[in-house]
Number of protein chains: 2
Amino acid sequence: MAEREQERESDTRSRILDVAERLVQTRGFNGFSYADIAAEVRVTRASLHYHFAGKAELGEALITRYTRRFTDALAAVDESAVDAPTRLDAYVGLYADVLRGQRMCLCGMLAAEFETLPKPMQDAVIRFFDESEAWLESVLEEGRQEGALQFAEPASEVARLIVSSLEGAMLLARPYGDALRFQTAASRLVASLARAAE
Amino acid sequence: MAEREQERESDTRSRILDVAERLVQTRGFNGFSYADIAAEVRVTRASLHYHFAGKAELGEALITRYTRRFTDALAAVDESAVDAPTRLDAYVGLYADVLRGQRMCLCGMLAAEFETLPKPMQDAVIRFFDESEAWLESVLEEGRQEGALQFAEPASEVARLIVSSLEGAMLLARPYGDALRFQTAASRLVASLARAAE
DNA sequence: GTCTATAACGAGATAGAC
DNA sequence: GTCTATCTCGTTATAGAC
């Protein structure tokens, strides 16, 4: 079991992705350079170009990996969590985890810089949000049918509201260095849907 | 009435600010250069340095002007609008106006790039949100006392929720090229507070 | 796969003429 | 106030040795 499928990602390659991911999430795609990554990974800039032809390709790989991990996490939530409100909490928890690492959501950051991104990166960012909203929508629908969630609007609208509110809460929490800012907003958001007690 | 106080802003200086403001709002502070501004204003980069010593000083001036205009607009709302719900709608309208120009909120954009900004710019960004939230908080308090608005949490918390939700809705609306995305989220947000009919 | 070396360009910034 | 000219540095990227 030495060389399995997971190991298509060489050690260096994944270390590059790890460092670059953090740099995008903290400084933005236009806020760092290959030199920054090289210094931290302790390879030369030329080596980076061996693994990723250019910054655009690196960016694509970052979004792809981030999206896969995110949807994997959502699938794990589906397997373990039973009711819709618990799944919603778990969804919020994924965002809180990112923020705990002093980071902005990768795709939220890229949404701000959207206009400056190469087309393939733009498309990948949109896919992230589409998948995220699709998952939320199904959870919301299910919760409404079970009577555990309550809302008047179409589930797709509420899903969009949740995504944008969480992204906005992350966006503001970082400048204030205040994760509580996020938690308060997120709690109120979820509470406004979970009205099973009424 | 030829040279009055308003004219301390020379024509060129304000044209530079206008172009730079749009560039920050659409591409981010790290997404444009002095060359971009110079080309549009039709002056040389050296001329830009005459008006603003460096990009950092230009950035500060941008936030200061943006904040002043914003607070002026809020003061105008206070003068014309009577009840709290109407003022809230007017507040949302200010954001909608920005988005209509295909732009992100200046300070929302800078919040994303916060870590890369010089300290004076960071401080100015925080001041913008502080002032915005303070205004909202007083409107919320007033609305609650009048019975026109209803919410359980401290007004300061709800104010933060509103700001971050609106910023997030703008953030996501732009990649999707969909202003309706913003309007839907904003309407639900305001509606969840205005429960005078219950 | 990683390196050195270098190309080629763009960035912010300054000096000094007009 | 605006210009030309220039500087210095950072940036992405490539060629080719090891």
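In this text the structure is predicted, and so the values were computed from the model without any measurement. All heavy atoms count here, side chains included; hydrogens, waters and symmetry mates do not. The chains referred to below are lettered A, B, ... by the order of the sequence lines, with proteins before strands, and numbering in each begins at 1.
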*From CA spacing to verdict: salt bridge (Lys or Arg N to Asp or Glu O under 4.0 Å), A:R13, A:D18*: CA-CA 9 Å; A:R13 186 185 157 93; A:D18 290 342; over 6 Å; no
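Rounded to a whole Å, the CG atom of B:D11 is 14 Å from the C1' atom of D:dT2. Straight-line distance from the NE2 atom of B:H51 to the C1' atom of D:dC3: 12 Å, rounded to whole Å. At whole-Å resolution of the value, CZ in A:F29 and C1' in D:dT12 are 11 Å apart. Computed from coordinates, the A:R15 CZ to C:dG1 P distance equals 13 Å when rounded to whole Å. As a whole-Å value, the separation of A:I16 CD1 from C:dG1 P is 11 Å.
Applying the 4.0 Å criterion to OP1 and OP2 of D:dT2, one finds that B:T12 has a side-chain N or O inside that range. In this structure, B:Y50 does not reach the D:dT2 phosphate: none of its side-chain N or O atoms is under 4.0 Å from OP1 or OP2.
Salt bridge present: B:E153 and A:R188 bring a charged side-chain N and a carboxylate O closer than 4.0 Å. Ion pairing between B:R127 and B:D130 fails under the 4.0 Å rule for side-chain N and carboxylate O.
For the pair A:K55 and A:Y34, the cation does not sit on the ring face, since its NZ or CZ is not both under 6.0 Å from the ring centre and inside 45° of the axis. Within the cation-pi definition used here (under 6.0 Å to the ring centroid, within 45° of the axis), B:R27 does not qualify as a partner of B:F32.
Against DNA chain D, the stretch residues 33-49 of chain A makes heavy-atom approaches under 4.0 Å through A:S33, A:Y34, A:R45, A:A46, A:H49.
The one candidate from A:D123, A:L117, A:V125, A:V24 that meets the side chain to side chain contact (heavy atoms under 4.5 Å, CB included) condition with A:I63 is A:V125.
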